[in-house]
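These notes are about the structure you will find just below.
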Amino acid sequence: MRKLFSVICLISFVLFFTVTSFAGLDSNDFSLSKRNAAFSLAQNYEVAAPSLELNRAELRNALINSQDERKAESLRAEIQNLKKRRTTSLLVSVGLIGLGSFFLYEFINYEQGTRETQEGETQDVDEGRTNTSVGKGIRIAGFGASYLISIVLITDVGKKSKAIKQYRKELQELSEAQGR
């Protein structure tokens with residue numbers, strides 16, 4: 001690797017000096033001509049090279065623009081992420097509201113267990129009283145939990161919508177700042 005690097009450096013050095021001596025020649029004429037007959041390494045030649053000086057204002061603007069581009073890209077990614085999360089929260093909350101409504105319907109229409117006697121009469125089951133209260137309690141607890149989680153998710157959707165609006169505003173300010 002070091003040998004390859006040294007060969008590349010040596011070739012670059014040789015090409016650097018030979019480009020100035022053969023600059024006016026055609027591509028198929030590599031002999032020394034009358035124009036280059038006086039070429040000597042002892043003389044001091046000035047090479048017109050493009051200025052590598054960086055203007056501080058241009059450098060600052062380039063750095064600011066690159067930072068603005070990175071910030072704009074991260075804002076776009078965050079907006080997309082928030083949109084996905086907002087949609088997911090909204091769908092889950094709708095599903096939980098449906099589940100809670102089902103639990104409420106089951107709570108309202110819950111019937112106590114009965115059994116028929118041998119004479120054909122219906123009789124309430126004595127042990128069923130505790131089962132009835134537990135059954136109704138499970139249904140009302142499911143209803144309450146579903147609606148509570150739905151309310152939390154809906155408020156979260158509102159917060160995400162506000163955050164998306166704020167990020168869009170920042171993105172618009174960045175684009176206006178870049179277009180100055």
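When hydrophobic clusters are built by joining Ile, Leu, Val, Met, Phe, Trp and Tyr residues whose side-chain heavy atoms come closer than 4.5 Å, directly or via intermediates, Ile79 is not grouped with Val157. Cluster annotation: Leu174 is connected to Ile164 through the hydrophobic network of ILVMFWY side chains, with a link wherever side-chain heavy atoms come within less than 4.5 Å. Hydrophobic clustering (ILVMFWY, side-chain heavy atoms < 4.5 Å, transitive): Phe107 and Ile149 are in one cluster. Hydrophobic clustering (side-chain heavy atoms under 4.5 Å, transitive across Ile, Leu, Val, Met, Phe, Trp, Tyr) groups Ile140 together with Phe103. Put simply, Phe102 and Ile108 are part of the same group of oily side chains (I, L, V, M, F, W, Y) that touch within less than 4.5 Å, one to the next.
With Leu75 as the fixed residue, the side chain to side chain contact (heavy atoms under 4.5 Å, CB included) test singles out one of Glu170, Gln166, Arg70, Arg168: Glu170. Partner of Ser89 under the side chain to side chain contact (heavy atoms under 4.5 Å, CB included) criterion, out of Lys160, Lys84, Lys159: Lys160 alone.
Between the CD1 atom in Ile151 and the OG atom in Ser146 there is a gap of 11.0 Å [rounded to 0.5 Å]. Here the OG atom belonging to Ser161 is positioned 10.5 Å from the NZ atom belonging to Lys83, to the nearest 0.5 angstrom. Here NZ of Lys169 is found 9.0 Å from CD of Gln172. Values are rounded to the nearest 0.5 Å. Atoms CD1 and OG, on Ile11 and Ser6 in that order, are 9.5 Å from each other to the nearest 0.5 Å.
A heavy-atom distance below 4.5 Å is found between the side chains of Ile8 and Ser12. Considering only heavy atoms from C-beta on, Ile97 comes within 4.5 Å of Ile154 through its side chain.
Counting only distance, with no hydrogens or angles, the side chain of Ser93 and the backbone of Ser150 share no donor-acceptor pair below 3.5 Å.
You'll find the ring centres of Phe143 and Tyr147 inside the 6.0 Å limit.
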Give the intermediate values and the outcome of side-chain contact (heavy atoms from CB on, under 4.5 Å) for residues Cys9 and Phe5. CA-CA 6 Å; Cys9 287; Phe5 182 70; 3.6 Å; yes
As a quick check of understanding, evaluate side-chain contact (heavy atoms from CB on, under 4.5 Å) for Leu96 and Val92, giving each step before the final call. CA-CA 6 Å; Leu96 285 174; Val92 169; 4.0 Å; yes
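Remark: Arg76 engages Glu73 in a salt bridge, criterion side-chain N to carboxylate O under 4.0 Å.
Considering all non-hydrogen atoms of both residues, Tyr167 and Glu78 come closest at CE1-CG, 3.2 Å.
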